[in-house]
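Presented below is the structure to which this report refers.
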Amino acid sequence: MKRREFLATTTALGALTLVTPGRLLAETPVAGGTLVWGHSETTQNLDMHQTGTASTSRVLQNIHNALVTVNSDMEVVPQLAESYEVSDDGLEYTFRLRAGVMFHDGSTLTSEDVKYSFERCADPETGATNFEVFNDVAGIETPDELTVIVRMTRPNAPFLARLAENGAGVVMPAGSGDIQGTTPVGAGPFRFIRREFGNEVVLERFDDYWDGPAHLERIIAREITEPTVRLTGLRTGELHMINDIPAERVAEVEGDASLQVLTWFPLNFDFLNFNHDLELFQDARVRRAFDLMIDKEMLLQGALWGQGETTASASFPNDAARNTDITQRGQDIAAARALLSEAGHPPGSLNVVFKVTTNYPYHVESAQIIAEWAREAGVNMTIEQLTWADWLSQVWVDRDFQMTMMNFFTIWEPDRLYFSLWHSTGGFNYRNINVPEIDALAEEARGTIDADARNALYRRIQDMVSEEALDVILWFRNGSIGARSEVAGLDTLVHPNGSNLNFHKVWLRS
């Protein structure tokens, strides 16, 4: 299967390729209908501040709006804010809210809702994954119902872009935090109706949406993690659309004249993780040894059927902060054995448990392949397959693991990527990484307004992640959606960040 080339365009999201049955160039959207979506993952905590999973965010994206968002060129633009201004010294952000925006509970958006939402996200008691976005906020003022002023303790270059992600910038009704985890309430185009955990989530059109009502009356997100079952449901008509077409069957589905296929690059990056709290993985020789065990290209072909591109950096392919000088380590089993012996682990003496989630079947396949290479290197590797809920509980929350594998969905903003994942206090640092130099670089980058200087700091972080094998960055994975011919508006579905799905303009043909 042909490998995709890295992007050379100025847009963050790779070109969407839509293979669809022939239609008239211009169609008038039809209102109504229920779209049944075969969701490849299981939703968890529905609180947009607390959730750390892209699977849940894909649903919540349609329930919530943020103060600002990004357009197709990844430029920050107003959403719930009508306009915004940043002072020349970077210490004051003034947002003017849209008048008459309605929440799903019938209340009207005011500056107090913004203040509440931001302060809730920043409060350590909330357990928000994006709490660090507000580390430099000195205070939030609400001089009137439609004006919000955020004052900073120092300039924070990524602050506005971080607000463009719903996890930090989402605005909830004041006082609604206690119900958000089970009954999310927002100001988005669809309102939450119900969820059967592990089975489905039901959303319904919000007729009072500030940007005009959606075309669809209802969305049912059926949670189907088994790829073949998902594809069968699409073919039989039980499902209108699915995300994550089985990698080995993308070409087959593209050749089916009764179906549409939407593909793009990249959807997410995947990496191998070590628990740095353990003495074993505090030794860089051990981490490098596991890196040397892996043939990254062979792993990509074996687990993803070539539906992606190997990468040494987690930075978005065309990100100006991407370090293009670093390369992946090639496979060298003999060198891996030597490093482990040097670190006091001769062949046959090291036993490692590799925890993966069945939520991502290709992670299970990857683990099985890596275990064979580990055996060649003299390591006894046991694979534990966990449900998504169990992985989140054991690995993400309790940090009870030795090795694991995870993916993050197109974190295009470098502060969110490098602060959240590799800063010692980052909301996504479940691997217990604690490198003071990385902390200092990430902090310095936040206060560095000059883009070139800031990008240089992020490139230094990438150098350290690679050189020290803090994690092993593996690949970028392609995104894919399959849909029946009656689904229209697919070209509007994928958010510019390449991960979230926005059903506002999707509709069903009669």
Quiz item: Do K296 and R329 have side chains that get closer than 4.5 Å, going by heavy atoms?
Solution: yes
Quiz item: Got a sec, which pairs hit salt bridge (Lys or Arg N to Asp or Glu O under 4.0 Å) with one end in residues 419-430, sequence neighbours left out?
Solution: none
Quiz item: Side-chain donor-acceptor pair under 3.5 Å between T225 and N359, yes or no?
Solution: no
Quiz item: Between M464 and I461, does a side-chain contact (heavy atoms from CB on, under 4.5 Å) hold up when you go through it step by step?
Solution: CA-CA 5 Å; M464 296 186 66; I461 294 176; 5.8 Å; no
Quiz item: For the atom pair NE2 (H363) and CD1 (I370), what is the distance rounded to the nearest 0.5 Å?
Solution: 9.5 Å
Quiz prompt | G233 backbone acceptor or donor facing T236 side chain under 3.5 Å | solution = yes
Quiz item: Do W396 and T53 meet the criterion of a side-chain donor-acceptor pair at a distance under 3.5 Å?
Solution: no
Self-check item: Side-chain donor/acceptor of R459 to backbone N/O of A320, under 3.5 Å
Solution: yes
Exercise. Please examine the side chains of V472 and F274, heavy atoms only from C-beta on, and report whether any two atoms are closer than 4.5 Å.
Key: yes
Quiz item: Cation over ring, R431 on W422, under 6.0 Å and within 45°?
Solution: yes
Self-check item: Backbone of F190 reached by a side-chain donor or acceptor of N62 within 3.5 Å
Solution: no
Quiz prompt | Q462 versus S313, side-chain donor and acceptor atoms under 3.5 Å | solution = yes
Quiz item: Hey, are the side chains of M405 and D270 touching, using non-hydrogen atoms and a 4.5 Å cut-off?
Solution: yes
Practice problem: With R509 as the cation and W507 as the aromatic partner, state whether NZ or CZ is under 6.0 Å from the six-membered ring centre and within 45° of the axis. | Solution: yes
Quiz prompt | Donor-acceptor pair between E372 and Q368 side chains, under 3.5 angstrom | solution = no
Quiz item: Would a distance-only check, ignoring hydrogens and angles, find a side-chain to backbone donor-acceptor pair under 3.5 Å from R230 to H39?
Solution: no
Practice problem: For the residue pair F408 and F271, categorise the inter-ring angle as parallel (less than 30°), tilted (30 to 60°) or perpendicular (more than 60°). | Solution: perpendicular
Self-check item: Heavy-atom side-chain proximity of R195 to V59 below 4.5 angstrom
Solution: no
Self-check item: Value rounded to 0.5 Å, distance of CE in M406 from CZ in F269
Solution: 11.0 Å
Self-check item: Flag, side chain of R288 to backbone of E467, donor-acceptor distance under 3.5 Å
Solution: yes
Quiz item: Do we see a donor-acceptor contact under 3.5 Å between the side chains of N273 and Y430?
Solution: yes
Quiz item: Yes or no on side chain to side chain donor-acceptor pair (under 3.5 Å) for N434 and N432, after CA distance, side-chain angles and deciding distance?
Solution: CA-CA 6 Å; N434 188 346; N432 301 302; over 6 Å; no
Exercise. Just do the side-chain contact (heavy atoms from CB on, under 4.5 Å) check on N497 and F409 with the steps written out, would you?
Key: CA-CA 8 Å; N497 67 16; F409 287 79; over 6 Å; no
Practice problem: Return yes if some donor-acceptor pair links the side-chain N/O of Q79 with the main-chain N/O of A66 below 3.5 Å, else return no. | Solution: yes
Self-check item: Rounded distance (nearest 0.5 Å) linking atom CG of D439 with atom OG1 of T425
Solution: 6.5 Å
Practice problem: Please report the C-alpha distance between L421 and L417 in whole Å, then the side-chain angles of each, then the deciding distance to 0.1 Å, and finally whether the side-chain contact (heavy atoms from CB on, under 4.5 Å) criterion is met. | Solution: CA-CA 6 Å; L421 276 163; L417 179 58; 3.5 Å; yes
Quiz item: When you check the side-chain N and O atoms of Q394 and D390, is any donor under 3.5 Å from an acceptor?
Solution: no
Quiz item: For R460, does the CZ atom have more than 12 heavy-atom neighbours from other residues, nucleotides or ligands under 6.0 Å away?
Solution: no
Quiz item: Within a strict 4.5 Å, meaning less than it, do heavy atoms of the L46 and T51 side chains meet?
Solution: no
Quiz item: Is R399 salt-bridged to D277, going by a charged N under 4.0 Å from an acidic O?
Solution: no
Quiz prompt | Donor-acceptor contact below 3.5 Å, side chain N455 vs main chain A451 | solution = yes
Quiz item: Is there side-chain contact between D400 and K355, with at least one heavy-atom pair below 4.5 Å?
Solution: yes
Quiz item: For W412 and E165, does a side-chain donor sit closer than 3.5 Å to a side-chain acceptor?
Solution: yes
Exercise. Check whether any side-chain heavy atom of I242 sits under 4.5 Å from a side-chain heavy atom of L231, and report yes or no.
Key: yes
Quiz prompt | Candidate list P227, S40, P246, test side-chain contact (heavy atoms from CB on, under 4.5 Å), partner P361, passing option | solution = P227
Quiz item: Which is it for D319 and Y458 under the side-chain contact (heavy atoms from CB on, under 4.5 Å) test, yes or no, and what are the steps along the way?
Solution: CA-CA 11 Å; D319 186 353; Y458 290 129; over 6 Å; no
Quiz item: What is the distance from atom CG of L441 to atom OH of Y418, rounded to the nearest 0.5 Å?
Solution: 12.0 Å
Exercise. Determine whether the side chains of T43 and E223 contain a donor N or O and an acceptor N or O closer than 3.5 Å.
Key: yes
Self-check item: Side-chain (N130) to main-chain (V133) donor-acceptor, under 3.5 angstrom
Solution: no
Practice problem: Mind checking side-chain hydrogen bond (donor to acceptor under 3.5 Å, both in side chains) for D256 and listing every partner two or more places apart, or none if nothing turns up? | Solution: R235, S258
Quiz item: Where is the tightest heavy-atom contact between A442 and H423, given as atom of each residue plus distance?
Solution: CB-CD2, 4.1 Å
Quiz item: Tell me the salt bridge (Lys or Arg N to Asp or Glu O under 4.0 Å) pairs involving residues 46-61, sequence neighbours left out?
Solution: E41-R58, D47-R120
Practice problem: Report the distance from atom CZ of F428 to atom CZ of R416, rounding to the nearest 0.5 Å. | Solution: 4.5 Å
Practice problem: Run the numbers on R446 and E443 for salt bridge (charged side-chain N to carboxylate O under 4.0 Å, His left out), then give the verdict. | Solution: CA-CA 5 Å; R446 281 193 162 180; E443 295 281 0; 5.3 Å; no
Quiz item: Are the side chain of N275 and the backbone N or O of F401 linked by a donor-acceptor pair below 3.5 Å?
Solution: yes
Quiz item: Is there a side-chain contact between L262 and M241, using heavy atoms and a 4.5 Å cut-off?
Solution: no
Practice problem: Nearest 0.5 Å please: distance from the CD1 atom of I333 over to the CE atom of M293. | Solution: 7.0 Å
Exercise. For the pair S420 (side chain) and G427 (backbone), establish whether a donor and an acceptor sit closer than 3.5 Å, ignoring hydrogens and angles.
Key: no
Quiz item: Can N407 and Y362 be counted as having a side-chain donor-acceptor contact under 3.5 angstrom?
Solution: yes
